[in-house]
Amino acid sequence: MPLKKPKEPKPPKEKKAKAPKEKKPKKPKKARPPKGKKIKGGANAPAPEELEGQEEGQQQKKKKPLILLLIPPLVIAAAAAIIFFVVLPKMNGDADPEASATVEPEPPVLPSAIPIGEDVSIVGMTLEADESAAQAVKAKTVTYRYTELNNAGKAAQTYVGQLAKETPAFSVVDEEFVRQKEQPDYTAAEGMVLLARNAPAPEAEDTAAPESEPPESADPQLLALLAGADAGFDAALLEPLPVPEPEEPITYVHTVRITWSPGMCVVTADEEEGKVTSPKPATPPGGQSLSIRGAVSRLKEMEPGKLGLEGASMEEYELIPMDATEMVNGTACINVYVYNSSSATNSNQFVGSYLMSIDGQHLYRLDPVTSEIIELKDYP
């Protein structure tokens, strides 16, 4: 087959250069009038001012600066601070902040240790500041335990006899500090006895008011009246002012409570408010007088310490009444002489003379040296 002749390449086509197209000028946009904002106040309100550099027809865009957004919280905080630190203190009357500061209470000062023996002590109580008014008062009570006793009841009886010889003497009393005639049964395995005596009264202070002189500018008629002169007033019409009764002083007693049990005695000494008294004697029936035998019987029931005598019982003395009565303060009294008993060291020795009123309400002692008659205040 005959071969085809290769085709010759065609020469490249030359591109024609296009002329640049001219841009047509844009038509100017029609200026639109700015939209008018509604202004409060009506038609008479002033028109808004135009800003320089703003093209006509462009609407002004307003942006709030950041500082304007922060002003309301700052104003609120400042107002709250003024109310809290200025207004409220003035309303409460505390203009000065230092004047309103409260003082915290301090804890009370109490003993750090409480002794319970010669070389032994326990830790003291510790309180908080809310108990700032607390105080520690040392009690007057003293307690001793006597142990390993062969006969505790007999030991208690012996100690009662020792206290009866004290000056002033102790007496067996009840819980109301009234002297008791009967003694407890010391032979019992267990028991208790209470003794007491009146504590010495404190010396009364001299409270005499100084003599007052009338002032120089006093009324002459008042001065004449005070001097007792006749100044036109009737002194009998003037009633004296009532004199206030003095308050009865508080009295105290020393007490000793003895409790015994097999092999042990517990002795507790204390000081309490009160007064030791004797039981009221039985008054004779109406229209009757105390007999001589009755007067002697009453003296035998009394304690020697109340008569200024020694010993634990009047059974240690002999009482001899006189037949005739003697007048004391306008009242007939029975006179009784008192001697030591025959079993005493100084037997049949005269120790005192006592006069008891026939109504049983008064008892006197005759001083053997000065012959002075002294009324016994603890009777009846």
Side-chain angles (χ1 to χ4, degrees), residues 111 113-125 136-200 251-281 297-318 340-345 378 380:
I114 300 175
I116 58 175
E118 294 182 358
D119 301 324
V120 181
S121 61
I122 61 175
V123 64
M125 181 183 293
V137 181
K138 187 177 181 181
K140 298 180 180 180
T141 304
V142 179
T143 301
Y144 277 90
R145 297 177 181 270
Y146 296 84
T147 59
E148 301 180 6
L149 298 174
N150 296 327
N151 191 334
K154 184 177 180 181
Q157 184 179 12
T158 302
Y159 190 38
V160 170
Q162 293 176 356
L163 294 176
K165 297 179 182 180
E166 286 288 297
T167 304
F170 282 87
S171 304
V172 177
V173 297
D174 60 8
E175 297 297 336
E176 301 296 331
F177 307 137
V178 179
R179 298 183 181 92
Q180 299 298 300
K181 301 176 183 178
E182 298 181 358
Q183 296 283 338
D185 184 9
Y186 296 106
T187 62
E190 297 180 355
M192 188 277 295
V193 60
L194 178 62
L195 299 98
R197 69 178 181 185
N198 292 320
T251 58
Y252 296 89
V253 296
H254 298 155
T255 62
V256 178
R257 189 181 299 272
I258 306 172
T259 305
W260 72 87
S261 59
M264 182 175 63
C265 275
V266 179
V267 178
T268 303
D270 198 0
E271 182 181 85
E272 303 179 37
E273 182 178 340
K275 184 178 181 181
V276 178
T277 59
S278 298
K280 295 182 178 181
S297 177
R298 287 193 180 187
L299 288 176
K300 284 185 177 181
E301 293 174 353
M302 294 184 63
E303 296 182 3
K306 299 306 172 183
L307 299 175
L309 304 175
E310 297 180 354
S313 174
M314 289 300 295
E315 297 295 335
E316 302 176 8
Y317 297 90
E318 293 184 2
N340 280 331
S341 64
S342 56
S343 61
T345 303
D378 291 339

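All of these numbers come straight from a predicted model, not from anything done at the bench.
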| So do the side chains of Val160 and Val193 get within less than 4.5 Å of each other, counting heavy atoms only? | yes
| task | State, with a plain yes or no, whether a side-chain heavy atom of Val266 is found less than 4.5 Å away from one of Ile258. | result | no
| query | With distance as the sole criterion, is a donor-acceptor pair present between the side chains of Thr268 and Arg257 under 3.5 Å? | reply | no
| message | Can you confirm if the aromatic rings of Trp260 and Tyr186 lie within a centre distance of less than 6.0 Å? | response | yes
| Which atoms form the tightest heavy-atom contact between Leu307 and Met302, and what is the distance? | CD2-CE, 3.8 Å
| said: So Arg197 and Glu166, do their side chains get closer than 4.5 Å, heavy atoms only? | reply: yes
| remark: Smallest heavy-atom separation, Gly311 atom then Pro304 atom, equals O-CG, 3.6 Å
| query | Between the side chains of Ser261 and Glu190, is a donor N or O closer than 3.5 angstrom to an acceptor N or O? | reply | no
| remark: His254 and Phe170 have their tightest heavy-atom pair at O-CE2, 3.4 Å
| task | Please indicate whether Asp185 has more than 12 foreign heavy atoms, meaning atoms of other residues, nucleotides or ligands, lying under 6.0 Å from its CG. | result | yes
| query | So do Leu195 and Val173 actually touch side chain to side chain, heavy atoms under 4.5 Å? | reply | no
| field | Distance-only donor-acceptor check, side chains Asp270 and Thr141, under 3.5 Å | value | yes
| request: Count the heavy atoms belonging to other residues, nucleotides or ligands that lie under 6.0 Å from CE of Met192, then report whether that count exceeds 12. | output: yes
| field | Met264 and Arg145, any side-chain heavy atoms less than 4.5 Å apart | value | yes
| task | Write down the atom of Asp174, the atom of Leu194, and the distance for their closest heavy-atom approach. | result | O-CD2, 3.5 Å
